[in-house]
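Report on the following structure.
Note that ligands are numbered from 1 as they come in the structure, with each ligand's atoms numbered from 1 the same way.
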Amino acid sequence: MPQLAQMGVSEMKAWVINHFGIDELSLEERPVPSVGEKDVLVKLHATSINYRDLMVVEGTYNPKMKLPAVPFSDGAGEVVEVGSGVTKWKPGDRVMPIFAQHWFDGDPDAEIRKTSLGAGSTWDGTLREFAAFNESGLVASPSNLSYQEAATLGCAGLTAWHAVVESGGVKPGETVVTLGTGGVSVFALQFAKAAGARVIATSSSDEKLGRLRELGVDETINYRTREDWDKAILELTGGRGADHVIEVGGSGTLPRSINATRFGGHIAMIGALTGAASFNPTSVFMKAVRVQGIYVGHRRMFEEMNRAIEVNGLRPVVDSTFWFGDVKLALHRMKERSHFGKIVIDFENEK
Ligand SMILES: NC(=O)c1ccc[n+]([C@@H]2O[C@H](COP(=O)([O-])OP(=O)(O)OC[C@H]3O[C@@H](n4cnc5c(N)ncnc54)[C@H](OP(=O)(O)O)[C@@H]3O)[C@@H](O)[C@H]2O)c1
């Protein structure tokens with residue numbers, strides 16, 4: 001394949017944060033990144049929005065973030081150029097960047113966290129047409145997924161996999177609770193069902209509860225009309241409680257999540273959608289619950305998840321797809337919280 005420069009492609013489009021706010025995002029021309037010896041140039045075809053990306057754009061993730069910055073961490077694309085020392089990839093390979101570019105296995109640390117994409121560190125994000133990554137910072141896309149579907153996996157998909165499989169070790173017959181119908185929760189229920197678990201899912205919307213049942217969820221609870229949803233879970237489990245809760249709500253939902261968990265059960269602590277509230281830890285030790293903080297996931301987990309997606313023919317649930325030029329509309333949809341699953345940004349097809 002001829003080098004891009006020889007084809008006359010030297011500029012690309014990128015969405016840039018110069019000032020915080022969805023409507024402040026600026027579409028700019030930038031040079032296509034150059035490729036070092038061990039680097040791979042990827043033409044990105046799609047990305048997707050995570051709650052973190054909305055926070056980054058609005059300035060609530062890290063108000064001291066270095067600007068200008070390119071946001072977003074998810075991506076799927078194809079290799080278009082490789083450095084002279086690259087052995088893992090060749091032009092035409094379908095790839096996805098890993099969330100933290102230096103996290104391959106084991107526990108994360110502060111240095112690894114600094115290599116996460118799209119939060120204003122030295123690592124620009126994926127809301128741009130081309131990006132260069134070290135060859136170690138990529139994984140192959142599952143062969144059964146389109147670019148648009150694969151672009152949902154890097155953060156929400158992997159976080160859910162980490163919670164359900166790596167941390168939870170969910171077994172057939174166990175009960176898993178998911179909260180709401182955002183990106184992480186919908187992936188979590190898909191992985192839990194694939195593992196043979198019984199899934200109880202909550203949502204604020206009866207319409208979304210219907211869609212959850214279509215996805216194979218066993219029991220659903222509307223957490224708006226049934227505010228004591230933890231009691232509903234205890235009723236559904238004969239008073240025992242769930243084996244696992246995939247916790248995305250944070251301190252506003254955690255007390256009920258603990259109440260809904262069996263003695264010795266597992267809570268995967270992922271998100272903080274509900275903001276700050278006081279929290280009494282007594283029930284954590286009185287019930288000997290294991291509360292495990294989850295930080296996305298590393299490359300080995302990403303590869304294992306992709307294999308499971310291929311073998312089981314799993315398809316991410318895409319709420320809606322917006323064209324690259326309409327990213328502000330997509331972010332506003334995310335903010336409204338009317339979505340179900342993932343919101344995708346397609347770089348190719350103007351709608
Ligand atoms: N630790 C990590 O590595 C990591 C990785 C990814 C995400 N996260 C965090 O996980 C959380 C979810 O992320 P996401 O991308 O999946 O977000 P999202 O797609 O924006 O999820 C939004 C949905 O969450 C549900 N929700 C909101 N408040 C709720 C409540 N009080 N109880 C139950 N459900 C509630 C709503 O579902 P309904 O409309 O159905 O009610 C809402 O539509 C965020 O806090 C995010 O920052 C953390």
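- Atom 12 (C) of ligand 1 has its closest protein heavy atom at L273 CD1, 3.8 Å.
- Less than 4.0 angstrom separates some heavy atom of M334 from each of these atoms of ligand 1: 18 (P), 19 (O), 20 (O).
- The proximity of Y223 to ligand 1, defined as any non-hydrogen pair under 4.0 Å, is limited to the side chain.
- Neither the backbone nor the side chain of K342 comes within 4.0 Å of ligand 1, counting heavy atoms alone.
- Of all protein heavy atoms, the one closest to atom 25 (C) of ligand 1 is G180 CA, 3.8 Å.
- When atom types are taken as modelled, the side chain of N312 and the backbone of I309 share no donor-acceptor pair closer than 3.5 angstrom.
- Below 4.0 Å from some heavy atom of Y295 lie the following atoms of ligand 1, by number and element: 3 (O).
- Aromatic ring orientation, H102 versus F104: tilted (interplanar angle from 30° to 60°).
- Rounding to the nearest 0.5 Å places OG1 of T115 at 7.0 Å from CD1 of I98.
- Of the N and O atoms on the side chains of S84 and E37, not one donor lies less than 3.5 Å from an acceptor on the other residue.
- Every atom of ligand 1 is numbered from 1 in the order shown, and the set under 4.0 Å from a heavy atom of T253 is 31 (N), 32 (N).
- Of the possible donor and acceptor atoms, one in the side chain of D124 sits under 3.5 Å from a partner among the backbone N and O of V70.
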- Message: Run the salt bridge (charged side-chain N to carboxylate O under 4.0 Å, His left out) test on E219 and R198 for me, step by step, so that the C-alpha distance in whole Å, both residues' side-chain angles and the decisive distance to 0.1 Å come before the verdict.
- Response: CA-CA 8 Å; E219 281 109 357; R198 170 194 188 192; 3.0 Å; yes
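- In this model, no donor atom of one side chain and acceptor atom of the other lie less than 3.5 Å apart for T181 and R211.
- Judged by the 6.0 Å and 45° rule, R333 forms no cation-pi pair with F322.
- Close approach to I294 involves these atoms of ligand 1, each under 4.0 Å from a residue heavy atom: 1 (N), 2 (C), 3 (O).
- Residue pairs satisfying the salt bridge (charged side-chain N to carboxylate O under 4.0 Å, His left out) criterion with at least one member in residues 283-294, sequence neighbours excluded, are absent.
- Looking from atom 17 (O) of ligand 1 to the surrounding protein, the closest heavy atom is Y51 CB, 3.6 Å.
- For a threshold of 3.5 Å applied to N or O pairs, the pair formed by M269 and ligand 1 contains no separation below that value.
- Distance from atom 39 (O) of ligand 1 to its nearest protein heavy atom, with residue and atom name: K208 NZ, 2.8 Å.
- For V296, heavy-atom contacts with ligand 1 shorter than 4.0 Å involve the backbone as well as the side chain.
- Aromatic ring centres of F347 and W323 lie farther apart than the 6.0 Å criterion allows.
- The shell of residues lying under 4.0 angstrom from ligand 1, judged by heavy atoms, excludes S205.
- The shortest contact between atom 31 (N) of ligand 1 and any protein heavy atom is with T274 CG2, 3.3 Å.
- Listed by atom number, the atoms of ligand 1 under 4.0 Å from G183 heavy atoms are 16 (O), 19 (O).
- Of the possible polar contacts, none joining the W15 side chain to the T126 backbone as a donor-acceptor pair under 3.5 Å is found.
- For W161 and F191, the gap between ring centers is short of 6.0 Å.
- E111 meets the salt bridge (charged side-chain N to carboxylate O under 4.0 Å, His left out) test with K114; sequence neighbours excluded.
- Among protein heavy atoms, the minimum distance from atom 18 (P) of ligand 1 is reached at H339 NE2, 3.5 Å.
- Atom 43 (O) of ligand 1 has as its closest protein heavy atom R337 O, 3.5 Å.
- When heavy-atom distances to ligand 1 are checked against a 4.0 Å cut-off, C155 comes that close only through its side chain, counted from C-beta outward.
- Using a 4.0 Å cut-off to heavy atoms of S203, the atoms of ligand 1 that qualify are 38 (P), 40 (O), 41 (O).
- Under 4.0 angstrom from ligand 1, the non-hydrogen atoms of S204 come from both its backbone and its side chain.
- Of the protein's non-hydrogen atoms, the one nearest atom 37 (O) of ligand 1 is T181 N, 3.1 Å.
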